[in-house]
K.L.:
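If you scroll down you'll find the structure; I have some questions about it.
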Protein chains: 2
Amino acid sequence: MRQPPDRRQPAARPGVDRRNGASLAMVAARAGVSVATASRVINGVANKASAETAERVRAAVADLGYRPGSVGRALRRQESRIVGVLAANLANPSMAAIASSIEWSLRGEGLVMSLCDTHERADVQDEYIREMRAQLVRAMIFVGAVDSPALDEVRADGDTLVFVNRPDPGDPTSPYVGIDNVAAGAEIAERILERGVRRIGVLHASLDRTAGHWRLLGLFDRLQAAGIDTASLPRASGPGLDHIVIGYQGMARLLELPVPPRVVVCLSDLLAYGAYRRAREAGLEVPGEVAFFGFDDNPINPWIADWLNSVRVPSDHYGPAIVALLQQLWRGERPPPLYLTHQLTMRSPRLPG
Amino acid sequence: MRQPPDRRQPAARPGVDRRNGASLAMVAARAGVSVATASRVINGVANKASAETAERVRAAVADLGYRPGSVGRALRRQESRIVGVLAANLANPSMAAIASSIEWSLRGEGLVMSLCDTHERADVQDEYIREMRAQLVRAMIFVGAVDSPALDEVRADGDTLVFVNRPDPGDPTSPYVGIDNVAAGAEIAERILERGVRRIGVLHASLDRTAGHWRLLGLFDRLQAAGIDTASLPRASGPGLDHIVIGYQGMARLLELPVPPRVVVCLSDLLAYGAYRRAREAGLEVPGEVAFFGFDDNPINPWIADWLNSVRVPSDHYGPAIVALLQQLWRGERPPPLYLTHQLTMRSPRLPG
DNA sequence: CTGCCAAGGGAAATCGATTACCCTCTTGCG
DNA sequence: CGCAAGAGGGTAATCGATTTCCCTTGGCAG
């Protein structure tokens, strides 16, 4: 970590001249005990040191400002204190917020987060999975996983995996934390139906195994139950990861229809932002002439996007929920999917149409 | 990493029964060479293996799907492939975007990001600094550092440190990457002055050694040069980290003044969002009756906040710039501050007042 | 023919912490 | 009194990869 790497001259005596603070050997030497005893005191192994010895070791630790090196420990235990978090798209503020929540909760457990952005690409995800494995991570958390060979490997090997917001594409029974996307979609349908609106449109990005897929399922199921032919509802989408642009372009297509929708359900807030812009450019009043529904409920919505009805994803609850799930997994349990409570905030309760 | 930790029964033969894929010993055995030779082939040490031997080793690597374990390597080299990124506040989308850019660039170098959120707290930052050190990180990148004892230690020890967007609070000559906040502040002043506006207000969060401090400096310097008494300009601030709320409350106070400002300079976009909301609640037209300036230029601004003039911080350029700086530092150079180009986007060119 | 150097490659030390195994005392109990 | 159990603590193996010494062989110049 220092600038002149200079590894030519290893330290003669144990730990002396170490760059990285004190080593266990130094602590042991200072306390006049063996490294074994020092290690046991530090790790609180009972019946292995007299009160007086333990005190000497603790004093040495304090004097030297010793902190156990994570690397040596990880090598011996074949397990580090790192938890890998693989997010599909950090540019999405919703995923960033979840990552932040995870980080904070892991810290409370003495764990460290290593954060990766897979950009929704299987090859990148695989590269990261292998690297996390090489780091002997204690668990891997996928905030939006994609199907990939290495994912199959680690699943088969019994590694501790948690899938957030998007179920394991390869095994629906894998541990899951997130909102109930199907129920949330149905809830939007409910709000629309009870207001009698029928000119409904949908905007989405890729639906391939994403949360959007389930959101749409819930929405359509409920609409269909009310006698609406969902197959004929106008929909628009687009390629890429930039939801805002997809929303803008998709809305443009919806507006070209002979009978444009009056209520547009966007499967993410970002899509709604882009769509909003397009609607305004078309001279439409929002939410007077066209209203929007979104998902995630970005915290800025109440401040500068009060036209957007959105399903609040409780980012802050993800970290604690995931940590709780991890602990169950480490105890050997096989916990059921953990659904966090979402809430649909109606900022424009009166819908046009 | 697996569920039954079960370390009681160590593998009898080297690497057999390993949970984590192949080890170097297995590769060496399969290729019929020593681990030393295998290691040298894998690391491309010249003149240490015949072409034929090298080929056998590479074949064994491919057969076994071997990947070097990062932990063993880190222990031996006293340096891991991890780079610690300590961000002051991940809830700020601007910092999250920078972290994302850093992550992507580090990946290009075969490095891994470990991301921490210090919440602007010295004690949390210290805890993370020590943990990163225990991980033998190759460098630490501070996206908004606060003054703290452990920071002084690592600086004194010559660890590789990079300060992003906020200079090292303890040593202004430490490596820096970010926009020129002073110049950006001055640029806003320039735009305001050339339109003849004099009823100027300022909203900011804590200024203590933050980027805001320098932004304000540049703004005031330029205003003062134009004969404006900056000391008497209305300003508002508030405690905490939630810039939106601070902006909302601060704007409330500005609007209570006998002569409320017509142009409000917010030292971050989030402050402007909160202030916008308050202005609208007061029945003011934005930007007709009161206009706003912000910093960071959140990517959503052009879509749903077209009333906001903002200084674009080129998040995407941070990663490459930081990696370039790191490489200079690792070569032993002492690079000067690296200023990224910012750009003030005027979305409401006509200012009220 | 001798000495030297380079190429090729192996044995073993090393990084730091954990832990199995062993040894030595006490102490308590039959 | 004898002996088992447990407290207290040291020695050394171990995790996986890197790297320092070595050793051997050939080739080539002197």
Side-chain angles (χ1 to χ4, degrees), chain A residues 5 7-29 31-54 56-57 66-81 133-136, chain B residues 5 7-29 31-54 56-57 66-81 133-136:
Chain A
R7 277 180 286 282
R8 312 281 116 183
Q9 196 65 39
R13 285 159 297 162
V16 175
D17 189 34
R18 268 188 80 226
R19 18 162 83 56
N20 206 59
S23 73
L24 188 57
M26 290 172 68
V27 171
V33 299
S34 70
V35 290
T37 300
S39 172
R40 288 190 282 241
V41 169
I42 289 169
N43 291 295
V45 177
N47 292 339
K48 274 305 193 178
S50 66
E52 187 230 352
T53 306
R56 279 214 317 282
V57 172
Y66 170 74
R67 173 179 184 119
S70 304
V71 178
R73 175 201 300 249
L75 180 58
R76 174 62 223 241
R77 310 259 306 248
Q78 288 295 292
E79 175 178 88
S80 74
R81 297 219 314 291
R133 223 161 192 235
Q135 299 280 353
L136 302 177
Chain B
R7 276 179 290 281
R8 315 278 117 183
Q9 197 63 39
R13 286 158 297 160
V16 174
D17 189 32
R18 268 188 79 227
R19 15 161 84 54
N20 205 60
S23 73
L24 187 57
M26 291 172 67
V27 171
V33 299
S34 69
V35 289
T37 300
S39 172
R40 288 189 282 241
V41 169
I42 290 169
N43 291 294
V45 176
N47 291 340
K48 274 307 193 176
S50 66
E52 187 230 350
T53 306
R56 279 215 316 283
V57 172
Y66 170 73
R67 174 179 183 116
S70 304
V71 177
R73 175 200 300 249
L75 180 60
R76 175 62 225 238
R77 310 260 303 248
Q78 288 294 293
E79 176 178 89
S80 73
R81 297 218 315 289
R133 227 165 189 233
Q135 300 279 356
L136 302 177

K.L.:
Please report the distance, rounded to the nearest Å, between CG in B:Asn47 and P in C:dC5.
P.N.:
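Taking atom P of C:dC5 as the reference, CG of B:Asn47 is at 16 Å.
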K.L.:
Rounded to the Å, how far apart are A:Arg81 CZ and C:dA17 C1'?
P.N.:
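Distance, rounded to whole Å: 12 Å.
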K.L.:
Whole angstroms only, please: what is the CD-C1' distance between B:Glu79 and C:dC15?
P.N.:
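The distance from CD of B:Glu79 to C1' of C:dC15 comes to 13 Å, rounded to the nearest Å.
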K.L.:
Could you report the tightest heavy-atom contact between B:Thr37 and B:Thr53, atom names first, then the distance?
P.N.:
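Minimum heavy-atom contact is CG2-CG2, 4.1 Å.
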K.L.:
Judged by atom type as modelled, is there a donor-acceptor pair below 3.5 Å linking the side chain of A:Ser80 to the main-chain atoms of A:Gln135?
P.N.:
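Between the backbone of A:Gln135 and the side chain of A:Ser80 there is a qualifying donor-acceptor contact (under 3.5 Å).
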K.L.:
Looking at every non-hydrogen atom in both residues, tell me the closest pair between B:Pro68 and A:Ala134 and how far apart they are.
P.N.:
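B:Pro68 and A:Ala134 have their closest heavy atoms at O-CB, 3.8 Å.
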K.L.:
Whole angstrom is fine here: how far is it from CD in A:Glu52 over to C1' in D:dG9?
P.N.:
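Taking CD of A:Glu52 and C1' of D:dG9, I get 13 Å after rounding.
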K.L.:
If you look at every heavy atom in B:Ala49 and B:Val41, which pair is closest and at what distance?
P.N.:
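B:Ala49 and B:Val41 have their closest heavy atoms at CB-CG2, 3.7 Å.
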K.L.:
Taking for each residue the nucleotide of DNA chain D bearing the nearest heavy atom, is the 5' side occupied by B:Thr37 or by A:Ala51?
P.N.:
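Comparing both residues, the 5'-ward one is A:Ala51.
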K.L.:
The side chain of B:Arg73 lies closest to which of these nucleotides: C:dT18, D:dA17, C:dG9?
P.N.:
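Nearest to the side-chain atoms of B:Arg73, counting from C-beta on, is D:dA17.
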K.L.:
Kindly point out which of D:dG16, C:dA7, C:dT19 is positioned nearest to the side chain of A:Leu75?
P.N.:
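Closest of the options to the side chain of A:Leu75: D:dG16.
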K.L.:
Taking only the side-chain heavy atoms of A:Ser23 (C-beta and beyond), determine which of C:dA17, D:dA12, C:dG10 contains the nearest atom.
P.N.:
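Per side-chain heavy atoms of A:Ser23, the pick is C:dA17.
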K.L.:
Within this structure, what is the CZ-to-P distance between A:Arg56 and D:dG8, rounded to whole angstrom?
P.N.:
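Between P of D:dG8 and CZ of A:Arg56: 13 Å.
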K.L.:
Please report the end-to-end axis angle for the helix from C:dC1-D:dG30 to C:dG30-D:dC1, five pairs per end, rounded to 10 degrees.
P.N.:
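It works out to 60° between the end axes.
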K.L.:
Is there a side-chain contact (heavy atoms from CB on, under 4.5 Å) between B:Ile42 and B:Leu24? Walk through the geometry before answering.
P.N.:
CA-CA 10 Å; B:Ile42 290 169; B:Leu24 187 57; 3.7 Å; yes
K.L.:
Could you tell me whether the phosphate oxygens of C:dG9, OP1 or OP2, come under 4.0 Å of any side-chain nitrogen or oxygen in B:Thr53?
P.N.:
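Answer yes for this pair, as a side-chain N or O of B:Thr53 is under 4.0 Å from OP1 or OP2.
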K.L.:
Across the strands shown, which category fits B:Ala49 at heavy-atom distances under 4.0 angstrom: base, sugar-phosphate, nothing?
P.N.:
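Sugar-phosphate contact only - B:Ala49 comes under 4.0 Å of backbone atoms but never of a base.
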K.L.:
How many whole angstroms separate atom CD of B:Gln78 from atom C1' of C:dG16?
P.N.:
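These atoms are roughly 8 Å apart.
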K.L.:
Taking all non-hydrogen atoms of both residues, which atom of B:Leu75 and which atom of A:Val71 are closest, and how far apart?
P.N.:
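For B:Leu75 and A:Val71, the tightest heavy-atom pair comes out as N-CG1, 3.5 Å.
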K.L.:
With sequence neighbours excluded, tell me which residues meet salt bridge (charged side-chain N to carboxylate O under 4.0 Å, His left out) with A:Arg56.
P.N.:
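Partners of A:Arg56 under the salt bridge (charged side-chain N to carboxylate O under 4.0 Å, His left out) test: A:Glu52.
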K.L.:
Is there a side-chain contact between B:Asn43 and B:Arg73 in this structure, where contact means two heavy atoms from C-beta onward sitting under 4.5 Å apart?
P.N.:
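Of all side-chain heavy-atom pairs linking B:Arg73 with B:Asn43, at least one is under 4.5 Å.
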K.L.:
Name the closest nucleotide to the A:Val33 side chain, picking from D:dG16, D:dG10, C:dA11.
P.N.:
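Out of D:dG16, D:dG10, C:dA11, the nucleotide with an atom closest to A:Val33's side chain is D:dG10.
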K.L.:
Is a donor-acceptor pair below 3.5 Å formed from side chain A:Arg76 to base D:dT14, judging by atom type as modelled?
P.N.:
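Indeed, a donor on one side and an acceptor on the other fall under 3.5 Å apart.
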K.L.:
Which nucleotide in the list D:dA7, D:dT19, D:dG10 gets nearest to the side chain of A:Ser34?
P.N.:
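Comparing D:dA7, D:dT19, D:dG10 against the side chain of A:Ser34, the answer is D:dG10.
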K.L.:
Compare the minimum distances between each of D:dT19, D:dA12, D:dG9 and the side chain of B:Ser39, then state the nucleotide with the smallest one.
P.N.:
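Side chain of B:Ser39 sits closest to D:dT19.
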K.L.:
Rounded to the nearest angstrom, tell me the gap between atom CG in A:Leu24 and atom C1' in D:dG10.
P.N.:
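That distance rounds to 14 Å.
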K.L.:
Looking only at the side chain of B:Arg40 (C-beta and beyond, no hydrogens), which of the listed nucleotides D:dT20, D:dG10, D:dG8 gets closest?
P.N.:
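Output: D:dT20.
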K.L.:
For B:Arg133 and C:dC15, give me the distance from atom CZ to atom P, rounded to whole Å.
P.N.:
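Nearest whole value for this atom pair: 18 Å.
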K.L.:
Under 4.0 Å from OP1 or OP2 of D:dA17: is there any side-chain N or O of B:Asn43 that close?
P.N.:
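Answer is no, no contact under 4.0 Å.
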K.L.:
Is the distance from OP1 or OP2 of C:dA7 to the nearest side-chain N or O of B:Ser50 less than 4.0 Å?
P.N.:
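Indeed not, no polar side-chain atom of B:Ser50 lies that close.
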